[in-house]
Peer 1: 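For reference, the structure I am asking about is given below.
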Amino acid sequence: MKRYNLKKGKRYTFFSVIVIGIVAVMLLSVVYYNSLKQIVDKPFNDFKVLTIKEAFENAFKNVSIQPSGFGIVNITGMDEMNNVYTAKVTKEGLLSISINNENVPNPEELYREIYAKAFYNLILTKPIADYESSDPKNVLNYIRNVSYDYFQENDREYISLIGKDENGNTVQIIYNIAKVDGKLRIVPDKVFVNNKLLNSTEKRIFLAKVYKKSVDRDLIEVVKNSFLKEYPYESIEQVLSKVNNARWTIKDENRKMVEFNGMDNIDNKEVVITIGFRINEDGETVVEYAQLNGQDVEAGDIPYLISYLYSRYSSIDKNRDIERYKQIIFSTKVPNSTKTFGEFFTQYVKNDKWDIQYATNNVKLLVTAETASNDKVYMEFLFTKGGIYLSKAMLNNVEQKFDELTSKIFTAGTIQQTGPVAQTTSPEGVEKIEKIKSGKIVKYSSFANNEEAFKSYLRNLSWSYDAQKDRVVLTGVGKYGTKTWNFKFVFDLYFGREPVLEDMFMDGINVIDEVSDYVISKIFRVDTLGNNIVELVKNTVFTFRTYEEILGPIGWKIDRNNDRVVYTSDNLQINFAVEPAGQVKVVQVLYKGQDWTTRSYEILKTLENGGNLASLEQSPQKTQETKKEPVKPATEQPVEQPSKPQLEQNQEEIPETQQYGQF
């Protein structure tokens, strides 16, 4: 039998061809498979942030991808109940979805649910911006009974988390999820508590509570990169790094305390500045102490030292500070008059221009204006830890006693102001007014809508639309405390649909959040919404300790009939009033059933110093000479003290019923 043998070289060539062919087929298969995979590596329709593959991978477990015929890919995943979801995607971008092999009639709606679930899981697994060292799941420890919703606005994609905190408050956090340089970035965009939008500072503090922001990184760097609550726009380092010879040291690692030291020229003298910062349990950086040339700065002076440094070394918003201090001035009485400074500046002078000066232990507001008879007015208001003082008053460049100045200004009469020409509200304005009136800023109130709620509290209601600011405005007259106020509420439509209260004014005073929340709680009859007013009083500093530190954490409540915060113990009852701009006043003190209001300062000072009230029972009330009188607030006081028009800055006084609290 004849045998035929292939030559060695041809045999190797044959096998090489076979191997190359197999490899080529495998490569073509890989290329084809990868090309099919690219079908699900693209977004679907308007869901731009995540690809179809990313949506499935973040929404489901056991995700797999399989080619299914020419130009078609199946992507499969399993939910928590082991239901199998299969999406069939064509290269043209068409999509169909089945659950457990049963096709759903509206795949786009189902894909939206899958996409929303992917977003929800992302905020629980991916660190959010500025909280990279925190566990994302901490949000579920803070908010219970959570539900979520996905939506789009202005080409941006959001996921909204809604639930209740341990106190029963409704909390809503809205996250924006986007891709930056191919990486996902999750940013908490807005936070609502009981349907009230938190401002940037409130949001930062709230999120620190929620996420329990850790300080695992270097403690000094954490403090340097933090923002003080009052100055949310520049970090601490951005400001204090400009101070000469700036140095940072860890003071107490266990208490998370960092100390700053630097040199500054104050009043033409070189001064060593020392500031101790601490990160509190809420993740907020606070000033624990301060020193100048090694001497302790009193607690009441520390805010002025900080504002002085920020005014020198940062782009501090002076206009914001001016407005803040103006509101305090406007809520106080003109000495020897029943009128407030708010009425004084709006009715009796015109063209008022304000400026501010910062010092290490005070802030001074300067104002020029004109009377109805065109005389020139100049005044200086001094803010110190002891209160507000009139330090200077001039008329036509001649220094005046203040009661003489006001007498001349009141004699000149009120300013004749020309009101704006009435304009017809645009159709857009009418539509927005109706949306605000028919909506509810407190969702769980028993009232049907905002209009019904506000009608129950205010009289002389007037709804209008501010086209320039694109806001709806409600004005009316209502009672707070023992006084009738002119209220103004400014509303916005969040994303064009949800009404949000943006600002509240009382007699032209911009109301702080705690008072605003309390008033809204009365209007909508939801008591829990206004409870923060108690915390405001408890955290207010008397002279160097807070009222809670002096009186204790137990025994606090709200007297909603009289709009007072009340502290009660076995023998002592103290009633506090909170002004619209935030000043906290003691308006009544009862000790063992007797009215000791005129001794309120003496009582609180004794308790603050650790003394016992029994020592005061036999001692008569002290009468003290008054040399320097703080400006009186525009609320009734148990004892009305005469005001002195001209105030000397180098004199001190403790009035029988001192005005104390937050200024």
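Here the structure is a predicted model, which means the values were calculated and not measured.
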Peer 1: Mind checking the NZ-CG spacing from Lys488 to Asn510? Nearest 0.5 Å is all I need.
Peer 2: 9.5 Å
Peer 1: Do Gln291 and Asn293 have side-chain N/O donor and acceptor atoms under 3.5 Å apart?
Peer 2: no
Peer 1: What distance separates Trp248 CH2 from Glu221 CD, expressed to the nearest 0.5 Å?
Peer 2: 9.5 Å
Peer 1: Any donor and acceptor pair, going by atom type alone, linking the side chain of Asp466 with main-chain N or O of Gln468 inside 3.5 Å?
Peer 2: yes
Peer 1: Write down the atom of Phe491, the atom of Arg471, and the distance for their closest heavy-atom approach.
Peer 2: O-CD, 3.3 Å
Peer 1: Would a 4.5 Å heavy-atom cut-off, applied to side chains only, mark Phe227 and Thr285 as touching?
Peer 2: no
Peer 1: Could you tell me whether the side chain of Gln295 and the main chain of Leu292 form a donor-acceptor pair under 3.5 Å?
Peer 2: no
Peer 1: Within the structure provided, determine whether Met504 and Val490 are in side-chain contact (heavy-atom separation under 4.5 Å).
Peer 2: no
Peer 1: I'd like to check the salt bridge (charged side-chain N to carboxylate O under 4.0 Å, His left out) partners of Glu548; sequence neighbours left out, ordered by chain and number.
Peer 2: Lys538
Peer 1: Stepwise, does the salt bridge (Lys or Arg N to Asp or Glu O under 4.0 Å) test hold for Asp563 with Lys479?
Peer 2: CA-CA 10 Å; Asp563 302 327; Lys479 187 179 178 182; over 6 Å; no
Peer 1: For Arg255, enumerate each residue passing the side chain to side chain donor-acceptor pair (under 3.5 Å) test, keeping only those at least two apart in sequence or located in another chain.
Peer 2: Glu288
Peer 1: Near Lys251 NZ, under 6.0 Å, is it more than 12 heavy atoms from other residues, nucleotides or ligands?
Peer 2: no
Peer 1: Are more than 12 heavy atoms from other residues, nucleotides or ligands located less than 6.0 Å from atom CG of Asn244?
Peer 2: yes
Peer 1: Quick one: list whatever passes side chain to side chain donor-acceptor pair (under 3.5 Å) with Tyr310, sequence neighbours left out.
Peer 2: none
Peer 1: Look only at the side chain of Asp301 and the backbone of Val297, and say whether a donor-acceptor pair between them is shorter than 3.5 Å.
Peer 2: no
Peer 1: Using a strict threshold of under 4.0 Å (side-chain N to carboxylate O), is an ion pair present between Lys326 and Glu323?
Peer 2: yes
Peer 1: Which value, rounded to the nearest 0.5 Å, describes the distance between Met506 atom CE and Lys483 atom NZ?
Peer 2: 8.0 Å
Peer 1: So, Tyr389 versus Phe383, ring centres under 6.0 angstrom or not?
Peer 2: no
Peer 1: Start with the C-alpha distance between Gln400 and Lys408, add both sets of side-chain angles, then the distance that settles side-chain hydrogen bond (donor to acceptor under 3.5 Å, both in side chains), and finish with yes or no.
Peer 2: CA-CA 10 Å; Gln400 304 275 315; Lys408 292 176 183 177; 3.1 Å; yes
Peer 1: For a side chain to side chain contact (heavy atoms under 4.5 Å, CB included) with Val586, tell me which candidate from Thr597, Ile603, Val537, Ile574 qualifies.
Peer 2: Ile574
Peer 1: Quick check: does any side chain N or O of Asp375 sit under 3.5 Å from a backbone N or O of Thr371, one acting as donor and the other as acceptor?
Peer 2: no
Peer 1: Ring centres of Phe277 and Phe260 under 6.0 Å apart?
Peer 2: no
Peer 1: Do Leu366 and Lys364 pass the side chain to side chain contact (heavy atoms under 4.5 Å, CB included) test, and can you show the C-alpha distance, the side-chain angles, and the key distance before you say yes or no?
Peer 2: CA-CA 6 Å; Leu366 323 173; Lys364 188 181 292 184; 3.4 Å; yes
Peer 1: For Gln238 and Ser235, test the side chains for any donor-to-acceptor distance below 3.5 angstrom and give the result as yes or no.
Peer 2: yes
Peer 1: Which residue in the set Tyr567, Phe542, Trp556 passes ring pair (Phe, Tyr, Trp, His ring centres under 6.0 Å) when paired with Phe576?
Peer 2: Trp556
Peer 1: List the steps and the verdict of side chain to side chain contact (heavy atoms under 4.5 Å, CB included) for Ile273 and Asn261.
Peer 2: CA-CA 6 Å; Ile273 299 172; Asn261 286 277; over 6 Å; no
Peer 1: For a quick check under 3.5 Å, do Tyr289 and Glu259 share a side-chain donor-acceptor pair by atom type?
Peer 2: yes
Peer 1: For residues 353-360, please give each side-chain donor-acceptor pair under 3.5 Å, one per line with the distance, not counting sequence neighbours.
Peer 2:
residue	atom	partner	partner atom	Å
Trp354	NE1	Asp352	OD2	2.9
Tyr358	OH	Asp321	OD2	2.8

Peer 1: Might you confirm whether atom NZ of Lys242 has over 12 heavy atoms from other residues, nucleotides or ligands at distances under 6.0 Å?
Peer 2: yes
Peer 1: What are the two closest heavy atoms between Leu405 and Ala393, and how far apart are they?
Peer 2: CD2-CB, 3.6 Å
Peer 1: Under the side chain to side chain contact (heavy atoms under 4.5 Å, CB included) criterion, do Phe544 and Glu608 qualify, and how do the steps go?
Peer 2: CA-CA 8 Å; Phe544 65 90; Glu608 186 177 43; 3.5 Å; yes
Peer 1: Scan Arg564, Lys585, Gln588 and name whichever one has a side chain to side chain donor-acceptor pair (under 3.5 Å) with Asn575.
Peer 2: Gln588
Peer 1: Taking salt bridge (charged side-chain N to carboxylate O under 4.0 Å, His left out) as the definition, give me every residue that meets it alongside Glu370, ordered by chain and number, with sequence neighbours left out.
Peer 2: none
Peer 1: Do Asn361 and Tyr308 have side-chain atoms, one donor and one acceptor, less than 3.5 Å apart?
Peer 2: no
Peer 1: What distance do Tyr325 atom OH and Leu365 atom CG have between them, rounded to the nearest 0.5 Å?
Peer 2: 8.5 Å
Peer 1: Heavy-atom count around Asn265 CG within 6.0 Å, excluding the residue itself: above 12?
Peer 2: yes
Peer 1: For residues Ser600 and Val589, report the shortest heavy-atom separation together with the two atoms involved.
Peer 2: CB-CG2, 3.6 Å
Peer 1: Applying salt bridge (charged side-chain N to carboxylate O under 4.0 Å, His left out), name anything that partners Asp517, two or more places apart in sequence or on another chain.
Peer 2: none
Peer 1: How are the rings of Phe487 and Phe489 set to each other: parallel, tilted or perpendicular (split at 30° and 60°)?
Peer 2: parallel
Peer 1: Measure across Asp503 and Phe505 and return the closest heavy-atom pair with its distance rounded to 0.1 Å.
Peer 2: CB-CE1, 3.7 Å
Peer 1: If you count the non-hydrogen atoms of other residues, nucleotides and ligands that lie under 6.0 Å from CD in Glu298, is the total more than 12?
Peer 2: no
Peer 1: Do Val500 and Asn195 have side-chain heavy atoms sitting under 4.5 Å apart?
Peer 2: no
Peer 1: Quick one about Asp470 and Tyr465 (side-chain donor to acceptor, distance below 3.5 Å, no hydrogens or angles considered), yes or no?
Peer 2: yes
Peer 1: Do side-chain atoms of Ser337 reach the backbone of Lys333 as a donor and acceptor pair under 3.5 angstrom?
Peer 2: no
Peer 1: Is the backbone of Val187 close enough, under 3.5 Å, to the side chain of Asn176 for a donor and an acceptor to pair up by distance?
Peer 2: no
Peer 1: Quick one: does any side-chain atom of Tyr518 pair with a main-chain N or O of Asn531 as donor and acceptor, under 3.5 Å?
Peer 2: no
Peer 1: Can you see which heavy atom on Ser516 is nearest to which on Val511, and at what distance?
Peer 2: N-CG1, 3.5 Å
Peer 1: We want to know whether Lys318 and Ser311 form a side-chain donor-acceptor pair, criterion being a heavy-atom distance below 3.5 angstrom.
Peer 2: no
Peer 1: Evaluate the side chain to side chain contact (heavy atoms under 4.5 Å, CB included) criterion for residues Leu207 and Val191: first the C-alpha distance (whole Å), next the side-chain angles of each, then the deciding distance (0.1 Å), finally the verdict.
Peer 2: CA-CA 9 Å; Leu207 291 172; Val191 176; 4.2 Å; yes
Peer 1: Nearest 0.5 Å please: distance from the CG atom of Leu309 over to the CD1 atom of Ile275.
Peer 2: 5.0 Å
Peer 1: Of all the heavy-atom pairs spanning Lys350 and Ala372, show the shortest one and how long it is.
Peer 2: NZ-O, 4.5 Å
Peer 1: Ignoring hydrogens and angles, tell me if any N or O in the side chain of Ser407 forms a donor-acceptor pair with the backbone of Asp403 under 3.5 Å.
Peer 2: no
